[in-house]
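Lettering follows sequence order; numbering is per chain, from 1. The shown structure was predicted, so the numbers you read here are calculated from the model rather than taken from an experiment.
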There are 2 protein chains.
Amino acid sequence: MIRQSDKSNLKKFGNRIKEIRQAKKLSLRQLSYACDIDNSKISKIEKGQINITFTTILQLARALEIEPSELLLASFE
Amino acid sequence: MIRQSDKSNLKKFGNRIKEIRQAKKLSLRQLSYACDIDNSKISKIEKGQINITFTTILQLARALEIEPSELLLASFE
DNA sequence: ATAATTGCGGTCTAAAAAGGCCGCATTTGT
DNA sequence: ACAAATGCGGCCTTTTTAGACCGCAATTAT
């Protein structure tokens with residue numbers, strides 16, 4: 001049921017989040033504080049372990065000070 | 001718990017989907033067939049009634065032949 | 001007038017996200 | 001050497017999505 005392409009895309013998305021977070025020199029806990037999402041959850045997102053919702057994407061974008069659309073800039077399958 | 005801004009953003013996203021679908025002259029059922037998502041669900045998405053996941057966003061983008069990032073082009077709160 | 005299509009809401013189950021907390025090994029800083 | 005910070009995984013409960021199907025009023029086409 002869980003498609004392989006989905007897993008791949010989730011990982012790409014997670015990597016993107018991680019890159020941006022690190023570029024801003026934020027720790028998981030700092031980002032966690034900024035977007036009110038548990039740090040362990042962000043860790044899972046970055047690892048592509050969870051399929052986050054639209055609103056969570058927006059929360060991350062806000063905290064990372066980036067346009068939501070920018071977060072989806074990746075070559076998804 | 002359900003934030004007002006979330007509802008607003010979900011509606012904006014839904015409207016965007018609807019606009020693109022209509023611009024392509026697709027009915028809910030046609031789009032449903034193209035992305036393998038039940039037409040009633042798409043209706044709810046367009047109405048901003050559900051908070052869809054990342055993978056669902058990608059499914060819609062694929063079916064609408066648009067970049068995922070383009071789907072998030074809106075002035076979210 | 002009749003038939004077909006369309007948008008949409010409701011219902012149900014199973015799966016998964018949300019939200020939150022804890023602990024710990026490793027890394028980093030003092 | 002010690003203390004603090006960090007990434008990360010596990011666990012738990014509640015809430016919600018996913019996925020699928022049905023029915024119907026209203027619109028559109030024949």
Side-chain angles (χ1 to χ4, degrees), chain A residues 1-64 68 71-72 74 76-77, chain B residues 1-64 68 71-72 74 76-77:
Chain A
M1 192 176 285
I2 307 167
R3 283 193 265 189
Q4 187 54 42
S5 60
D6 284 343
K7 286 211 286 184
S8 167
N9 289 332
L10 284 167
K11 279 182 189 169
K12 282 181 187 170
F13 178 78
N15 286 336
R16 180 130 181 84
I17 298 287
K18 187 171 188 173
E19 279 171 16
I20 298 170
R21 174 177 65 82
Q22 291 181 332
K24 298 224 167 211
K25 302 205 187 301
L26 295 172
S27 71
L28 284 182
R29 281 174 174 78
Q30 287 173 328
L31 178 57
S32 170
Y33 179 77
C35 63
D36 200 39
I37 294 175
D38 191 85
N39 70 77
S40 75
K41 185 178 171 182
I42 298 178
S43 169
K44 288 159 197 162
I45 292 170
E46 290 186 352
K47 293 275 182 179
Q49 293 171 355
I50 53 179
N51 185 16
I52 63 176
T53 60
F54 174 79
T55 56
T56 301
I57 294 173
L58 259 48
Q59 276 182 78
L60 286 169
R62 229 180 296 126
L64 292 170
L71 277 188
L72 293 207
F76 298 116
E77 295 178 21
Chain B
M1 194 176 284
I2 308 166
R3 285 192 262 189
Q4 188 54 42
S5 60
D6 284 343
K7 286 211 286 184
S8 166
N9 288 332
L10 284 167
K11 280 183 189 170
K12 282 180 187 171
F13 178 78
N15 286 335
R16 179 128 182 86
I17 297 288
K18 188 171 188 173
E19 279 171 16
I20 299 170
R21 175 177 64 81
Q22 290 181 332
K24 299 222 167 212
K25 301 205 188 302
L26 295 171
S27 70
L28 285 182
R29 280 172 175 80
Q30 287 173 328
L31 178 57
S32 170
Y33 179 76
C35 62
D36 200 40
I37 295 175
D38 192 83
N39 70 77
S40 75
K41 185 178 170 182
I42 299 177
S43 170
K44 288 159 196 161
I45 292 169
E46 290 186 353
K47 292 276 183 179
Q49 292 171 353
I50 53 179
N51 186 15
I52 63 177
T53 61
F54 174 78
T55 57
T56 302
I57 293 174
L58 260 48
Q59 276 183 77
L60 286 169
R62 230 179 295 125
L64 291 170
L71 276 189
L72 293 207
F76 298 117
E77 293 178 22

Classify the nucleic acid contact of A:I52 as base, sugar-phosphate or nothing, counting any heavy atom under 4.0 Å across all strands shown. sugar-phosphate
For a quick check of understanding: with a heavy-atom distance under 4.0 Å over all strands, which category does B:T53 fall into, base, sugar-phosphate or nothing?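 Here B:T53 touches the backbone only, sparing every base.
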To the nearest angstrom, how far is [X] atom [atom1] from [N] atom [atom2]?
X     : N      : atom1 : atom2 : value
B:K25 : D:dT28 : NZ    : C1'   : 15 Å
B:D38 : C:dG7  : CG    : C1'   : 12 Å
B:K44 : D:dC22 : NZ    : P     : 14 Å
B:E46 : C:dT6  : CD    : P     : 13 Å
B:R3  : D:dT15 : CZ    : C1'   : 16 Å
A:K18 : D:dT6  : NZ    : C1'   : 11 Å
B:I50 : C:dG9  : CD1   : C1'   : 12 Å
B:I37 : D:dA20 : CD1   : P     : 10 Å

Considering only C:dA18, D:dC8, C:dC8, which nucleotide approaches the side chain of A:T56 most closely?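 Among the listed nucleotides, the one closest to the side chain of A:T56 is C:dA18.
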Selection from D:dG10, D:dA18, D:dC8 that lies nearest to any side-chain heavy atom of A:N39: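 Taking heavy atoms from C-beta onward, the closest nucleotide is D:dC8.
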Are [X] and [Y] close enough that some pair of their side-chain heavy atoms sits under 4.5 Å apart?
X     : Y     : value
B:L60 : B:I37 : yes
B:D6  : B:N51 : no
A:R21 : A:L28 : yes
A:E77 : A:K12 : yes

Has [X] got a side-chain N or O lying under 4.0 Å from the OP1 or OP2 atom of [N]?
X     : N      : answer
B:K41 : D:dA20 : no
B:K47 : C:dC8  : yes
A:S40 : C:dG20 : no
A:S27 : D:dT6  : yes

What closest approach, in Å, do A:F13 and A:I52 show between heavy atoms, and which atom pair accounts for it?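 In this case the closest contact between A:F13 and A:I52 is CE2-CD1, 3.4 Å.
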Report the residue (B:N51 or B:D36) whose heavy-atom-nearest nucleotide on DNA chain D is the more 5′ of the two.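 Counting from the 5' end, the first nearest nucleotide belongs to B:N51.
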Would you please name every residue forming a salt bridge (charged side-chain N to carboxylate O under 4.0 Å, His left out) with B:K24, sequence neighbours left out? B:E65
Show each protein N/O and nucleotides 24-28 of chain C N/O combination with a separation under 3.5 Å, one pair to a line.
none

Assess, by modelled atom type and distance only, whether the side chains of B:S43 and B:S40 contain a donor and an acceptor separated by less than 3.5 Å. no
